[in-house]
Amino acid sequence: MCQQTRVDTVIPYYERFLKRFPTIATLAKAPEDDVLALWSGLGYYRRARLLHKGVREVVSAYGGAMPSDASARLGLPGIGRYTAGAIGSIAFHKEEPIVDGNVKRVLSRLFVIDTPLGRSDTENAFWEKAQHLVRGDRPGDFNQAMMELGATICTPTSPRCDECPVRRHCRAKKEARVYELPVVLAKKAPKIVQVVAVIARAVGDDDAAWLQRCDQALFGGLWNLPMMEGEGRDDAQEALRKAGLRGKLSSRKIGDVVHILSHRRMHVEVWTAVVTKQRGTMTRRYVRHKALKALGVSRLTQKLLATGAPPSEESCSCRSRRAHDRAACG
DNA sequence: AACGCGGGGCG
DNA sequence: CGCCCAGCGTT
């Protein structure tokens, strides 16, 4: 969960997740929908799918116990250098390094590593330094201390060098280059995408909306509304058709939603439709609002569904459940 | 060696 | 509004 996501954001998800899946066995046994349901809103949903896949492999290939061997760990889905090192150093007390965003900042300053982040030579330099430093009988504590140092003292914009326990060893401080490190390359501007989405309800049943589980890269494994790139009524109609639905589209869009991702800026037109009743399949079906929390759903989908339901008092914990369900599905 | 992949909180 | 976060897998 902590891959590219702040610890403070993760904590409530983590608590809920471990309450529901306290062991490798329970997680391995669970359907993917259950796993994604608890991940909903956290983002980077591939992490959840890889975790699930990895845990199943731990069961099938290693008898349900995380392998202590480093290369075996690295071979598991979802486990890269960082996670392998975290497990190795913290769980197995092995002298394995950890390099995360915090550690990169600390090391780049400590040793003046001034090549750009993300470049392989730069990244290798970090791992080499970290590997060299993690010596002793408490590698887990050392690694966590490095991350903590980066999180609390050696911060991106306002480092507190006067309080830094390793200030005397810091080459960047000595050379007054702390503020120029690490070197971050300019990131590409997010691509703007115009999208139409349709909240489709069956005739005589306004309590459920048609969702389909997509497997493509964006929001893979999650349940989404019929959606496609485009704008206007014709494209909304096309989205409905592509979803395999027949029915009447609303005369106008009912709203617009802007959704910001790190690499995309999505402008979404929200339409509604009343469609002929239809049986669902494994990957597409009507979902009642109450059943929504049992499935993986992105924030975007939550926003889109909420567009048809102006918040009465509180957004989620309504007293009148039925009215809320009805409203939230358009 | 680059790039795609969410979402939120803070300056 | 921009930045960056206890990264990983794919191309």
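So you know, we letter chains A, B, ... as the sequences are listed, proteins then strands, and number each from 1.
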- request: Flag yes if more than 12 heavy atoms outside Phe111(A) fall under 6.0 Å of its CZ atom; otherwise flag no.
  value: yes
query: Sub-3.5 Å donor-acceptor pair from the side chain of Arg109(A) to the main-chain atoms of Leu181(A), do we have one?
result: yes
Side-chain donor-acceptor contact under 3.5 Å, His263(A) with Lys191(A): no
Show me, pair by pair, the donor-acceptor contacts under 3.5 angstrom made by side chains of residues 127-137 of chain A, not counting sequence neighbours?
{"residue": "Arg135(A)", "atom": "NH1", "partner": "Glu95(A)", "partner atom": "OE1", "Å": "3.3"}

First-last contacting nucleotides on DNA chain B - partner chain A, under 4.0 angstrom, heavy atom: dA1(B) to dG9(B)
- request: Just call it for Ser262(A): base, sugar-phosphate, or nothing, with non-hydrogen atoms closer than 4.0 Å on any strand.
  value: base
field: Distance between P atoms of dC8(C) and dG8(B) (Å, rounded)
entry: 22 Å
query: Hey, are the side chains of Pro226(A) and Gln212(A) touching, using non-hydrogen atoms and a 4.5 Å cut-off?
result: yes
message: Nearest heavy atom decides the nucleotide; on that basis, is His259(A) or Arg46(A) closer to the 5' end of DNA chain B?
response: Arg46(A)
field: Check: Arg171(A) side chain, Arg177(A) main-chain N or O, donor-acceptor pair, under 3.5 Å
entry: no
- prompt: How about Arg20(A) and Thr26(A): does a side-chain donor come under 3.5 Å of a side-chain acceptor?
  reply: no
query: When you measure from every atom of DNA chain C, which of residues 31-42 of chain A have a heavy atom less than 4.0 Å away?
result: none
Would you mind writing out the side-chain donor-acceptor pairs for residues 138-146 of chain A within the sub-3.5 Å range, not counting sequence neighbours?
{"residue": "Arg138(A)", "atom": "NE", "partner": "Asp141(A)", "partner atom": "OD2", "Å": "2.8"}
{"residue": "Arg138(A)", "atom": "NH2", "partner": "Asp141(A)", "partner atom": "OD2", "Å": "3.0"}
{"residue": "Asn143(A)", "atom": "ND2", "partner": "Ser89(A)", "partner atom": "OG", "Å": "3.0"}
{"residue": "Asn143(A)", "atom": "ND2", "partner": "Glu96(A)", "partner atom": "O", "Å": "2.9"}
{"residue": "Asn143(A)", "atom": "ND2", "partner": "Pro139(A)", "partner atom": "O", "Å": "3.4"}

- prompt: When you measure from every atom of DNA chain C, which of residues 90-115 of chain A have a heavy atom less than 4.0 Å away?
  reply: Asp100(A), Gly101(A), Asn102(A), Arg105(A)
message: Can you pull out every ring pair (Phe, Tyr, Trp, His ring centres under 6.0 Å) where at least one residue sits in residues 200-219 of chain A? Sequence neighbours excluded, please.
response: Trp210(A)-Tyr286(A)
task: Walk along DNA chain C from 5' to 3' and tell me the first and last nucleotide with an atom closer than 4.0 Å to a non-hydrogen atom of chain A.
output: dC4(C) to dG9(C)
query: So, the side chain of Thr122(A) versus the backbone of Pro116(A): is there a donor-acceptor pair under 3.5 Å, distance only?
result: yes
query: Between residues 68-78 of chain A and DNA chain C, which residues have a heavy-atom gap below 4.0 Å?
result: Leu76(A), Pro77(A), Gly78(A)
statement: Hits for salt bridge (charged side-chain N to carboxylate O under 4.0 Å, His left out) against Arg6(A), two or more places apart or cross-chain, chain-then-number order -> none
message: Taking Leu76(A)'s backbone N and O only, do any of them form a donor-acceptor pair with Glu57(A)'s side chain (distance below 3.5 Å, no angle check)?
response: no
statement: By salt bridge (charged side-chain N to carboxylate O under 4.0 Å, His left out), Asp33(A) pairs with (sequence neighbours left out) Arg213(A)
query: Looking only at atom C1', what distance separates dT10(C) and dG7(B), rounded to whole Å?
result: 22 Å
task: Taking the six-membered ring for Trp and the single ring otherwise, decide whether the centroids of Tyr13(A) and Phe17(A) are under 6.0 Å apart.
output: no
query: Going by heavy atoms closer than 4.0 Å, what residues in residues 122-137 of chain A are next to DNA chain C?
result: none
task: Select from Ser158(A) and Phe219(A) the residue whose nearest nucleotide in DNA chain B is closer to the 5' end of that strand.
output: Phe219(A)
query: Heavy atoms under 4.0 Å, any strand shown: does Ser298(A) hit a base, just sugar-phosphate, or nothing?
result: sugar-phosphate
statement: Between Arg6(A) and Ala84(A), whichever has its closest DNA chain C nucleotide further toward 5' is Arg6(A)
query: Which value, in whole Å, describes the distance between the P atoms of nucleotides dA6(C) and dC3(B)?
result: 24 Å
Side chain to side chain contact (heavy atoms under 4.5 Å, CB included) evaluation trace for Leu292(A) with His289(A): CA-CA 5 Å; Leu292(A) 207 57; His289(A) 181 76; 4.1 Å; yes
message: Using a 4.0 Å heavy-atom cut-off, does Thr157(A) contact any base of the nucleic acid, only the sugar-phosphate backbone, or nothing at all?
response: nothing
field: Geometric cation-pi criterion Arg284(A) and Trp223(A), 6.0 Å radius, 45° cone
entry: no
query: Do His267(A) and Arg265(A) have side-chain atoms, one donor and one acceptor, less than 3.5 Å apart?
result: yes
message: Closer than 3.5 angstrom, by distance alone: can the side chain of Arg73(A) be matched with the main-chain N or O of Ala84(A) as a donor-acceptor pair?
response: yes
- prompt: Any salt bridge (Lys or Arg N to Asp or Glu O under 4.0 Å) pairs touching residues 144-156 of chain A, not counting sequence neighbours?
  reply: none
